[in-house]
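The structure under discussion appears below in the form of C-alpha cells.
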Amino acid sequence: MKILKFGGTSVGSVENLHRVKDILVSDQESKIVVCSAMSGVTDQLVSLVEHVKFEDTDAITRSIHRLESKHSDVIDVLIQNEDIKGTLKDGLSLMITELFEISNQKYSEIINSQIITYGEALLTYIFSGFLNSLQIHNVLLDAKDFMHVETVENPNILKVGKRIEKVLEESTQSSIYITQGFVCRNNNGDIGHLKRGGSDYTATIIGAAINASEIQIWTDIDGLHNNDPRFVDNTQPISHLTYNEAAELAYFGAKILHPQTVSPVVGKEIPVLLKNTFDPEASGTIISNKTYKKGLKAISAKDGITAIKIKSNRMLMAHGYLRRIFEVFDNYHTSIDMITTSEIAISLTIDNVSNLDKIIKEIETYAEVTVEQNHSIICIVGESVINDKNSYKLFEILNYIPVRMVSYGGSNNNISILVDTKDKIPTLRFLNEKLFQVRHEIVV
Ligand code: ADP
Ligand code: ASP
Ligand code: MG
C-alpha cells in the first residue's frame, strides 16, 4: 500500500482537484490518500479562532458563511450529477452547523484544534464525493479514529498502526482510502493537531504505521530545491536526499516539509518522494537511506530565532556550569538549537520563547543575560558537508554580513550560521551564488 499526500494548493481549486483525481487513477496500487485543507482555508480558520476568543458572534457568522460559500461553490462546479450534488450540499450544511456549534463554545485549546482542523474534514468530504460521482470507488476514513499520537514530537507508531488495521478491517474494501491530514487525538482522546503544515507528518506517520511501500508528498514544486525558491532565483531540485539530510533541511526551515516529516520513517526503508502535482512527470526528490552523493546539497533558513548570551566570570574553569544552564532550559521544556562557548560566555539559540522570562530570571541569579530576537539560522546541509572542499567559501559571508554565531563540526552533515533576520535574504542569495552557481566537482 502507498501513501499519497496532497497539499493545500494541490487541492485548492476545482481544476487542481481534477489533477489529483488523474494522479490517483493513473496508478492501480492501493493507496491511502492524505489531503490538506484547500489553500487559504486553515488561515481563515485560524482567524475564526480569534473571533471565538473574543466571542465576536458577528465575525464568527461572517467567517463561517465565507467558508461555506467557498466549499459550496466548489461542489457546484465540481459535481455534475444533480443527486450527488444535492446530497453533498446537505452534508456540507450539517458540517457547517457543527462548525457553528463548536465556534459558539468558550475558547479552549481543544476548541482551537477542532476549528483549525475543520478545513481537512470539509475538503476530504467533498473530494470523496467527487470521486464517487465519477464512479471511482473510494472510502472516506476519519483520521480521528486512528491518529492517536499522544505527543506530537513522539507519536506511538505501533498504536496508530493497530488502529488503522482495525479501521481498514471494519471498512468496505477499496483501492483508494481518503483521509484528513493535520488532525490527531492527544493523550486524553481530545482533538489536537500536528502543527501548521502537519499533513506531511500525517502521511509519514501513517506510512510508518502500516509499513507502506512508498510515501508520495504531492505539492506545487518539483521536489526539494537547493535553496529557498521564495527568496532566491535559479534554485535547482535535488534528485536524492538521505533521511538525515531531509530531516536537517526540514527542521531548519525548508518549508516544503513539516519539520518532523522524516522522523517516523527513519530506519524503516520507506522511500519518501516529493512530487509536483502540476508536473507529475518531473522526477522530484527521493528521500531514502541511500547516499548517492556526498557533500553540499542545500541551504535552508529558519526564522523566529532568539539568541541568548550568558556571561559570567564564575564560568571560568568551573565544571558543571554548562549543566546548570542546560538544566534551566530543560526544566522549561525549551530546546536549544545552536551553541557556542568562550571562556566566560555561552551563546545559544531557542525558537520557543514561551518560558523565556522565567528562564532569564533563573539564570540572572548567577550570570549576566543578553537576549537578541529576530534572528535566522542559515543551515548548509549535505552528508559530510564539513569535508566538502568548497564549503570554506561560505565563510566569505563574514566579509559582507554580520554573523552572530557559527556552528561547525557539531555534525558532519550541517554547518549553521546565525544572522539577523533582516540579513537572511542577502545571505541566502550570497551563499547560493558562492556555493552553487560557480560550483566545481565535489571532492570528499
Ligand atoms: P503544500 O501546501 O503542498 O504542503 P507548502 O507550501 O507547504 O506546500 O510547501 C511548498 C512550498 O515550499 C513551495 O511552493 C516553495 O515555495 C516552498 N519552499 C521553501 N523552501 C523550499 C525548498 N528548499 N525546496 C522547495 N520548496 C521550498
Ligand atoms: N492545512 C494545514 C495547514 O495549512 C495542514 C497542512 O496543510 O499541512 O497548516
Ligand atoms: Mg506544507
Side-chain angles (χ1 to χ4, degrees), residues 4-13 16 19-20 23 34-49 67 112-113 115-124 143 147 152 179-184 192-206 215-239 241 245-246 248-261 272-279 282 284-285 287 297-303 376 378-382 424-425 428 431-432 436:
L4 278 74
K5 177 259 167 175
F6 293 90
T9 318
S10 303
V11 297
S13 69
N16 296 352
R19 291 179 200 275
V20 173
I23 291 167
V34 175
C35 295
S36 296
M38 299 182 80
S39 53
V41 166
T42 311
D43 288 342
Q44 285 181 39
L45 290 164
V46 168
S47 332
L48 170 58
V49 170
L67 286 161
N112 173 56
S113 297
I115 294 175
I116 65 171
T117 58
Y118 218 84
E120 275 68 12
L122 290 167
L123 180 277
T124 48
M147 285 295 292
V152 172
T179 197
Q180 307 80 28
F182 190 37
V183 68
C184 65
H193 61 87
L194 299 176
K195 303 193 179 153
R196 292 304 303 269
S199 302
D200 302 327
Y201 195 27
T202 306
T204 51
I205 292 174
I206 299 178
I215 299 164
Q216 299 176 359
I217 295 183
W218 290 82
T219 183
D220 56 5
I221 190 164
D222 54 348
L224 200 145
H225 280 220
N226 58 3
N227 207 326
D228 194 322
R230 291 169 300 173
F231 309 121
V232 179
D233 295 332
N234 300 321
T235 60
Q236 301 298 324
I238 304 168
S239 57
L241 283 171
E245 289 169 331
E248 297 258 15
L249 288 164
Y251 183 72
F252 286 106
K255 192 206 169 218
I256 184 171
L257 289 178
H258 177 280
Q260 271 142 305
T261 307
V272 180
L273 272 63
L274 308 186
K275 298 280 290 172
N276 187 352
T277 305
F278 305 94
D279 185 7
T285 299
I287 304 167
K297 295 269 177 59
I299 302 170
S300 62
K302 182 174 171 182
D303 296 335
S376 298
I378 313 283
C379 199
I380 292 97
V381 172
K424 174 183 83 168
I425 296 177
L428 288 175
L431 293 177
N432 201 54
F436 296 120

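Atoms within a ligand are numbered from 1 in the order they appear, just like the ligands themselves. Hydrogens, waters and symmetry mates are skipped; everything else that's a heavy atom, side chains included, is used.
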| Would you say ligand 2 has an N or O under 3.5 Å from any N or O of Lys195? | no
| query | Of all heavy-atom pairs between Lys5 and Ser199, which one has the smallest distance, and what is that distance? | reply | CE-CB, 3.6 Å
| note | What one should report as the nearest heavy-atom pair of Thr235 and Asn227 is CG2-O, 3.5 Å
| field | Gly198 to ligand 2, any heavy atom closer than 4.0 Å | value | yes
| query | Counting heavy atoms only, which of His225, Lys255, Lys5, His258 is nearest atom 7 (O) of ligand 1? | reply | Lys255
| request: Can you pull out the closest protein heavy atom to atom 2 (O) of ligand 1? Residue, atom name and distance to 0.1 Å, please. | output: Gly8 N, 3.1 Å
| task | Could you find the nearest protein heavy atom to atom 19 (C) of ligand 1 and give me its residue, atom name and distance? | result | Asp228 OD1, 3.4 Å
| request: Could you check if a side-chain atom of Leu122 sits within less than 4.5 angstrom of a side-chain atom of Met38, using non-hydrogen atoms only? | output: no
| query | Between Ala254 and ligand 1, is there a nitrogen or oxygen pair with a distance under 3.5 Å? | reply | no
| field | Numbering as shown, the atoms of ligand 2 that approach Glu120 to under 4.0 Å (heavy-atom distance) | value | 1 (N), 2 (C), 5 (C)
| Are any of the heavy atoms in Ser199 under 4.0 Å away from ligand 1? | no
| remark: d(Ile116 CD1, Arg196 CZ) to nearest 0.5 Å is 7.0 Å
| Min heavy-atom dist Gly197 to ligand 2 below 4.0 Å | yes
| note | Ranked by distance from atom 7 (O) of ligand 2, the top protein heavy atom is Ser36 OG, 3.2 Å
| query | Based purely on interatomic distance, does Thr42 place a nitrogen or oxygen under 3.5 Å from a nitrogen or oxygen of ligand 2? | reply | yes
| Side chains of Trp218 and Val20 in contact at under 4.5 Å (non-hydrogen atoms) | no
| query | Closest approach of Phe231 and Lys424, non-hydrogen atoms and distance? | reply | CE1-NZ, 3.4 Å
| task | List the steps and the verdict of side chain to side chain contact (heavy atoms under 4.5 Å, CB included) for Met147 and Val183. | result | CA-CA 8 Å; Met147 285 295 292; Val183 68; 5.8 Å; no
| query | Mind checking whether His258 and Tyr201 have parallel, tilted or perpendicular rings, split at 30° and 60°? | reply | parallel
| request: Distance to 0.1 Å, residue and atom name: give those for the protein heavy atom nearest to atom 9 (O) of ligand 1. | output: Ile256 CA, 3.4 Å
| query | Under 3.5 Å, N or O to N or O, is Lys5 touching ligand 2 that way? | reply | no
| query | Does an N or O anywhere in Phe182 fall below 3.5 Å from an N or O of ligand 2? | reply | no
| message | Any carboxylate oxygen within less than 4.0 angstrom of a Lys/Arg side-chain nitrogen, looking at Lys255 and Asp200? | response | no
| message | Give me the residue, atom name and distance of the protein heavy atom closest to atom 6 (C) of ligand 2. | response | Ser199 OG, 3.3 Å
| Residue pair Ala250 / Leu257: nearest heavy atoms and the distance that separates them | CB-CB, 3.8 Å
| task | Around atom 13 (C) of ligand 1, find the nearest protein heavy atom and jot down its residue, atom name and distance. | result | Asp220 OD1, 3.4 Å
| note | Closest heavy-atom pair, Thr124 versus Thr179, reported as atoms and distance to 0.1 Å, is CG2-O, 3.4 Å
| task | Would you mind telling me if ligand 1 is within reach of the side chain of Asn227, the backbone, both or neither, using heavy atoms under 4.0 Å? | result | backbone
| query | Among protein heavy atoms, which lies nearest atom 8 (O) of ligand 1, and at what distance? | reply | Thr219 OG1, 3.1 Å
| note | atom 21 (C) of ligand 1 has as its nearest protein heavy atom Pro229 CD, 3.4 Å
| Looking at Thr261 and Thr204, what are the two nearest heavy atoms and their distance? | O-OG1, 2.7 Å
| field | Identity and distance of the protein heavy atom lying nearest atom 3 (C) of ligand 2 | value | Arg196 NE, 3.3 Å
| query | How about Thr9 and Phe278: do any of their side-chain heavy atoms sit closer than 4.5 Å? | reply | yes
| For Ile221, atoms of ligand 1 separated by under 4.0 Å from a heavy atom | 13 (C), 25 (C), 26 (N)
| Arg230 N/O under 3.5 Å from ligand 1 N/O | no
